[in-house]
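Notes for the one structure printed next.
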Amino acid sequence: MRTKDKIYVAGHRGLVGSALVKTLTRNGYTNLLCRTHDELDLTDQSGVESLFAEERPDYVFLAAAKVGGIHANNTYPADFIHINLAIQNNILMAAHKYPVNRLLFLGSSCIYPKAAPQPLKEEYLNTGPLEPTNRPYAVAKLTGIEQCWSYNRQYATRFLAAMPTNLYGPGDNYNLENSHVLPALIRKFHEAKVNQSASVVVWGSGTPMREFLYSEDMAEACVFLMNLDDQQFDSMLGSDRNDGIPPLINVGAGKDCAIRELAELVREVTGYEGDIQFDASRPDGSPRKLLDVSRLSNLGWQATTGLKQGIHSAYAAYLTNLGSSVA
Ligand code: GDP
């Protein structure tokens with residue numbers, strides 16, 4: 001990407017999108033194209049087509065999606081499948097019709113089968129049943145990968161799918177009903193400290209294993225991928241007609257921890273001194289989903305923000321935001 005190229009960040013107010021805007025700006029990219037939800041509803045096909053027809057972006061980061069934690073996915077399955085399918089249908093079609101140089105489609109590690117061997121390699125895709133709590137979201141994202149692959153095969157587009165592990169960072173969703181575990185724990189431990197509560201309730205058994213990546217590391221990885229030379233980028237596109245690996249690359253930190261350990265880390269960072277209780281009536285979800293990141297590390301990228309350091313930064317941003325919303 002040249003610094004003057006027009007770069008469309010779809011979903012620029014989300015966790016990854018906002019980190020992408022920050023990272024791109026820091027790296028000297030000056031021609032960013034962004035639309036808020038009020039300006040453009042990405043489920044509206046003609047609106048999306050008009051944007052591409054008028055603006056003709058050179059590069060697209062497809063970071064817009066309906067996302068949420070285990071409870072939200074379980075409660076609103078129809079919204080999760082419908083909205084995500086609509087967004088990717090519209091943007092991928094428009095990026096083919098008004099050709100872009102490259103497009104990066106973002107998904108999540110829940111696309112892999114529940115019982116797949118760990119760490120999860122790209123080639124384990126579609127080899128078994130999915131985790132039921134987020135299957136509708138996962139099926140939408142799997143369809144997105146197949147769409148990228150199909151466009152690449154039929155029209156020689158350059159659409160690549162990047163699947164991050166669980167992300168967290170500044171600007172995360174801290175709503176306890178629909179957030180992911182890490183922001184939920186930051187909020188719960190912070191409020192328990194302020195209110196001097198005797199204990200904090202953590203959902204499930206505490207035994208599931210999860211891998212966490214700081215959102216700004218994810219943004220760095222996306223920019224790195226978009227800037228690979230043609231030979232490296234094209235080798236990942238899955239454009240041949242054989243049953244090879246789809247145009248897919250995992251993005252993760254390379255190590256995971258139990259939810260119980262995570263809770264202890266968040267307790268330490270927030271300075272809470274009470275107890276931790278586990279609520280077994282809440283679902284555990286997948287037992288483990290650690291990504292195999294060798295494809296990405298062989299290209300020369302690895303995460304730099306340690307989990308404790310990242311939780312400190314996320315907590316600082318959370319406190320700043322609380323301050324500004326009180327002010
Ligand atoms: P998942 O990775 O799709 O399962 O999504 P989550 O990030 O929502 O949940 C990860 C794990 O953390 C699950 O085993 C949850 O039961 C557990 N967990 C523990 N406490 C919480 C909480 O307060 N909120 C959420 N969302 N998950 C929690």
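All ligand and atom numbering here is 1-based and tracks the order in the structure. Sequential numbering from 1 along the given sequence is applied to the chain's residues.
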Members sharing Val201's hydrophobic cluster (side chains within less than 4.5 Å)
none
Carboxylate-amine/guanidinium contact Arg102 Asp230, below 4.0 Å:
yes
Can a salt bridge be assigned to the pair Arg295 and Glu123 using a cut-off of 4.0 Å between side-chain N and carboxylate O?
no
Enumerate the pairs of nitrogen or oxygen atoms, one from ligand 1 and one from the protein, separated by less than 3.5 angstrom; state names and distance to 0.1 Å.
residue  : atom   : partner : partner atom : Å
ligand 1 : 2 (O)  : Asn166  : ND2          : 3.3
ligand 1 : 2 (O)  : Arg210  : NE           : 2.8
ligand 1 : 2 (O)  : Lys289  : NZ           : 3.1
ligand 1 : 3 (O)  : Asn134  : ND2          : 3.3
ligand 1 : 3 (O)  : Lys289  : NZ           : 3.3
ligand 1 : 4 (O)  : Arg210  : NH2          : 2.9
ligand 1 : 7 (O)  : His180  : ND1          : 3.2
ligand 1 : 7 (O)  : Val181  : N            : 2.9
ligand 1 : 8 (O)  : Ile70   : N            : 2.9
ligand 1 : 14 (O) : Asp284  : O            : 2.6
ligand 1 : 16 (O) : Pro283  : O            : 2.7
ligand 1 : 20 (N) : Trp203  : N            : 2.9
ligand 1 : 23 (O) : Lys188  : NZ           : 2.7
ligand 1 : 26 (N) : Ser179  : O            : 3.0

I want to know whether His190 and Tyr315 have ring centres closer than 6.0 Å.
yes
Are Arg158 and Phe233 in a cation-pi contact, defined as NZ or CZ under 6.0 Å from the six-membered ring centre and within 45° of the axis?
no
Reference residue Tyr8; test ring pair (Phe, Tyr, Trp, His ring centres under 6.0 Å); the match among Phe52, Tyr98, Phe61
Phe52
